[in-house]
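Heads up, the thing below is written out as structure tokens.
Note that these values count all heavy atoms, side chains included, but never hydrogens, waters or copies made by symmetry. For ligands, and for the atoms within them, numbers begin at 1 and follow the listed sequence.
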Amino acid sequence: MVASGNGAVGLPTGMRVLRRGGSALDAVVAATKIVEDNLSDHSVGTGGLPNVLGEVELDASLMDGRSRHAGAVCALTGYRYPIDVARLVMQRLPHVLMAGDGAARFARECGCEERELLTPAARELWRKRLRAFGETPESISRKRSLARTVWRTIGAERGTVNVLALDRRGDVASAVSTSGWAYKYPGRVGDSPIIGAGNYCDSRYGAAACTGFGELAIRAGTARTAVDLLAGGATPADAARTAIARANGLEGRHVTRLNIVVLAPDGTYAGATTFRGVRYAVMTATMRRPRLSARAVVRAKL
Ligand code: ASP
């Protein structure tokens with residue numbers, strides 16, 4: 001299994017699924033749920049940072065490399081495990097991506113567990129950020145225009161979890177879950193639930209997923225680019241570097257950070273990033289705990 005650094009907490013659980021002979025799909029879901037429950041992770045699930053109005057809106061997706069079926073939710077509020085809802089979209093609807101109220105309605109219909117997602121700690125971080133903008137929860141809720149405030153959130157802390165797995169049968173699966181851009185405009189959707197942008201896999205070639213500024217991964221189709229490169233014979237290291245370099249080549253890059261993890265069906269893997277200091281996690285069946293490694297830093301533009 002390969003994950004973004006914050007996914008390390010979930011890998012032992014995912015690996016237990018794989019050791020029992022479970023599928024890559026079951027493993028990525030099990031690992032992702034641990035991260036969605038991690039209150040100290042302010043970028044995923046419960047405890048995630050809210051939009052500029054203080055509401056936590058979650059995006060999540062998963063893809064089964066064997067069938068290339070996928071399911072996703074975006075701007076979902078009030079549910080504990082968005083990755084489960086994404087999986088149910090894949091299994092029970094003729095759709096791939098469900099948004100907002102419709103996604104919540106479907107989660108309710110499926111009996112998914114509801115949850116207050118905004119924790120006291122995340123609320124405090126939001127209030128602090130608003131204070132820095134000269135706003136309060138009351139003043140921001142009365143504002144007609146939020147755009148200028150949202151432009152000022154570009155530098156805010158952000159994150160997402162990526163989890164990739166390879167199972168005994170040789171199949172890969174990929175899962176991504178996030179509370180998205182911290183203090184975003186309500187209704188903003190990132191790359192995480194967009195198949196091809198923040199998440200893609202195909203058991204013939206491998207799996208890839210992204211964290212960082214989703215706007216870049218959407219514009220460059222980054223996860224799909226990496227898997228296409230694997231299909232063309234690239235190694236995971238080359239696929240990861242080239243996919244990031246193509247995003248680096250986009251114009252108007254006021255949003256700058258993008259990270260990727262890649263896993264091939266032969267078990268080779270890689271992580272790349274636009275900035276130093278972003279690690280990724282790996283756990284193989286023989287390891288007792290995950291290992292965190294540095295990613296290749298890619299400055300090239302293609
Ligand atoms: N990729 C996520 C998004 O754009 C956020 C992040 O990973 O920082 O929603």
Side-chain angles (χ1 to χ4, degrees), residues 2-8 10 32 35-36 38 40-45 47-52 55-63 72-77 82-83 86 97 99-100 103 117 122 125-126 129 150-151 153-164 174-200 208-226 240 243-244 247-248 250 252-262 271-281 295:
V2 179
S4 49
N6 58 340
T32 301
V35 188
E36 290 178 338
N38 182 4
S40 60
D41 188 327
H42 290 305
S43 67
V44 182
L49 290 172
N51 67 25
V52 70
E55 188 164 28
V56 181
E57 293 178 311
L58 302 176
D59 297 342
S61 68
L62 86 173
M63 188 158 187
V73 289
C74 61
L76 174 66
T77 58
I83 199 67
L97 173 59
L117 300 169
L125 289 167
W126 169 60
R129 178 63 58 154
V150 166
W151 271 99
T153 66
I154 284 185
E157 280 289 304
R158 56 186 46 255
T160 293
V161 67
N162 296 156
V163 184
L164 312 178
S174 49
V176 180
S177 186
T178 188
S179 50
W181 180 308
Y183 322 118
K184 61 197 169 187
Y185 202 106
R188 177 268 185 185
V189 174
D191 59 321
S192 306
I194 308 296
I195 298 302
N199 185 355
Y200 196 77
C210 303
T211 57
F213 284 96
E215 283 69 12
L216 294 176
I218 292 172
R219 290 170 63 203
T222 302
R224 175 66 195 246
T225 295
I244 293 293
N248 283 345
L250 292 171
R253 298 184 68 252
H254 48 266
V255 291
T256 48
R257 291 171 191 245
L258 190 61
N259 320 298
I260 193 167
V261 285
V262 179
T273 178
T274 51
F275 272 78
R276 207 166 285 288
V278 189
R279 297 190 298 173
Y280 72 114
R295 301 181 191 229

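Ligand 1 has a nitrogen or oxygen under 3.5 angstrom from a nitrogen or oxygen of G214. Remark: ligand 1 and G190 share no N or O pair separated by less than 3.5 Å (distance only, no angle test). The shortest N/O to N/O separation between T211 and ligand 1 does not fall below 3.5 Å.
Across all non-hydrogen atoms, the minimal contact from C210 to N162 is O-ND2, 2.9 Å. Looking at every heavy atom in both residues, A122 comes nearest to P50 through O-CD, 4.3 Å.
Close contacts of ligand 1 with G159, meaning ligand atoms under 4.0 Å from a residue heavy atom, involve 5 (C), 6 (C), 7 (O), 8 (O).
Residue contact annotation: G198 has no non-hydrogen atom under 4.0 Å from ligand 1.
In terms of protein heavy-atom proximity, atom 7 (O) of ligand 1 is closest to T160 OG1, 2.5 Å. Scanning the protein for heavy atoms near atom 9 (O) of ligand 1, the closest one is R188 NH1, 2.7 Å.
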| After noting the C-alpha distance and the side-chain angles of N259 and T211, does the key distance pass the side-chain hydrogen bond (donor to acceptor under 3.5 Å, both in side chains) rule? | CA-CA 5 Å; N259 320 298; T211 57; 2.9 Å; yes
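Under the rule for a side-chain contact (heavy atoms from CB on, under 4.5 Å), the partners of T77 that lie at least two apart in sequence or sit in another chain are E55, E57. Under the rule for a salt bridge (charged side-chain N to carboxylate O under 4.0 Å, His left out), R129 has no partner lying at least two apart in sequence or in another chain.
Panel note: side chain D191, backbone A217; no donor-acceptor pair is recorded below 3.5 Å.
Proximity annotation for atom 6 (C) of ligand 1: of G212, C74, G180, A217, G212 comes nearest, heavy atoms only.
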